[in-house]
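Here is how names work: the chains are called A, B, and so on, in the same order as the sequence lines, proteins then strands, and each is numbered from 1.
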Amino acid sequence: MSANDKPSIFAQQVYQVVSRIPRGRVSTYGDIARALGTRSAQAVGQALRCNPYAPEVPCHRVVARDGKIGGFFGEKEGDRIAEKIALLRAEGVVIESGNIDMTLFRHTW
DNA sequence: GTTGTGACGGGTC
DNA sequence: CGACCCGCCACAA
């Protein structure tokens, strides 16, 4: 864990891609991993977990493949998730019971 | 070099 | 639907 690690090369690539997600859209960990040439969505999640860049890297626009919100600030389930949802809604993303309609908001490169 | 882990994903039961 | 398992890859110990 450790939330004060230095960004590894891979992590920086993740930040780069995530920051390219247009407003009002979302992407998945798996797709981001693919965009980087890997298959590990977990590796992407690890990079975002210690996300030292707040606005540049809108981690709230990154969700699980099934449309469910992954985590936020290292919390898998908690009140912080609600904040993430509120942010997405503010961008125009519709969320139902913590689930996003991927067929409409999933962004791909 | 080896082991365990994880903000995941897909398949099976 | 949920529970379970396996594969995946980067990273820390």
Side-chain angles (χ1 to χ4, degrees):
Chain A
M1 312 192 8
S2 38
N4 45 355
D5 302 335
K6 38 195 156 149
S8 61
I9 304 300
F10 183 81
Q12 290 181 48
Q13 292 180 68
V14 174
Y15 304 144
Q16 175 75 39
V17 175
V18 173
S19 64
R20 276 188 200 140
I21 301 175
R23 178 186 172 285
R25 292 270 183 97
V26 294
S27 188
T28 70
Y29 300 97
D31 282 351
I32 293 168
R34 292 276 190 151
L36 294 177
T38 181
R39 303 254 228 237
S40 182
Q42 296 186 311
V44 175
Q46 266 192 358
L48 288 178
R49 180 173 98 32
C50 73
N51 172 23
Y53 308 86
E56 294 84 358
V57 182
C59 29
H60 60 272
R61 286 190 198 149
V62 184
V63 298
R65 187 68 177 75
D66 53 3
K68 187 76 167 118
I69 308 291
F72 206 53
F73 283 105
E75 301 271 333
K76 285 197 242 178
E77 296 272 336
D79 301 330
R80 310 183 199 284
I81 305 297
E83 297 179 39
K84 191 167 173 178
I85 294 172
L87 271 159
L88 288 168
R89 277 187 173 168
E91 297 189 341
V93 179
V94 179
I95 303 174
E96 302 178 8
S97 307
N99 282 243
I100 301 177
D101 194 331
M102 301 304 295
T103 63
L104 298 177
F105 299 103
R106 184 179 172 201
H107 173 71
T108 48
W109 284 271

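- The distance from the CG atom of A:Leu88 to the CZ atom of A:Arg23 is 10.5 Å, given to the nearest 0.5 Å.
- The number of heavy-atom neighbours closer than 6.0 Å to NZ of A:Lys76, taken from other residues, nucleotides and ligands shown, is 12 or below.
- Rounded to a whole Å, the CZ atom of A:Phe10 is 13 Å from the C1' atom of B:dG6.
- Under the side chain to side chain contact (heavy atoms under 4.5 Å, CB included) rule, A:Gln13 has a single partner from A:Leu36, A:Val44, A:Val18, which is A:Leu36.
- Counting non-hydrogen atoms of neighbouring residues, nucleotides and ligands closer than 6.0 angstrom, the CG atom of A:Asp66 exceeds 12 such neighbours.
- Taken to the nearest 0.5 Å, the CZ atom of A:Arg49 stands 13.0 Å off from the CD atom of A:Gln42.
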Tabulate atom names and distances for all N/O pairs under 3.5 angstrom spanning the protein and nucleotides 3-5 of chain C.
none

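- Nucleotide C:dG7 holds its C1' atom 12 Å from the CZ atom of A:Arg34, rounded to whole Å.
- Residues A:Val94 and A:Leu104 fail the side-chain proximity criterion, which asks for heavy atoms closer than 4.5 Å.
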The test is side chain to side chain contact (heavy atoms under 4.5 Å, CB included); show your working for A:Trp109 and A:Ile21 and say whether it passes. CA-CA 9 Å; A:Trp109 284 271; A:Ile21 301 175; 4.1 Å; yes

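- Note that CZ of A:Arg20 and NE2 of A:His107 are 9.5 Å apart. Values are rounded to the nearest 0.5 Å.
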Listing time: all N or O pairs from protein to nucleotides 7-10 of chain B that are below 3.5 Å?
{"unit_1": "B:dA7", "atom_1": "OP2", "unit_2": "A:Lys76", "atom_2": "NZ", "d": "3.2"}
{"unit_1": "B:dA7", "atom_1": "N7", "unit_2": "A:Arg49", "atom_2": "N", "d": "2.8"}
{"unit_1": "B:dA7", "atom_1": "N6", "unit_2": "A:Leu48", "atom_2": "O", "d": "2.4"}
{"unit_1": "B:dA7", "atom_1": "N3", "unit_2": "A:Tyr29", "atom_2": "OH", "d": "3.0"}
{"unit_1": "B:dA7", "atom_1": "N3", "unit_2": "A:Gly71", "atom_2": "O", "d": "3.1"}
{"unit_1": "B:dC8", "atom_1": "N3", "unit_2": "A:Gln42", "atom_2": "NE2", "d": "3.1"}
{"unit_1": "B:dC8", "atom_1": "N4", "unit_2": "A:Gln42", "atom_2": "NE2", "d": "2.8"}
{"unit_1": "B:dG9", "atom_1": "OP1", "unit_2": "A:Arg65", "atom_2": "N", "d": "2.8"}
{"unit_1": "B:dG9", "atom_1": "OP2", "unit_2": "A:Arg65", "atom_2": "N", "d": "2.9"}

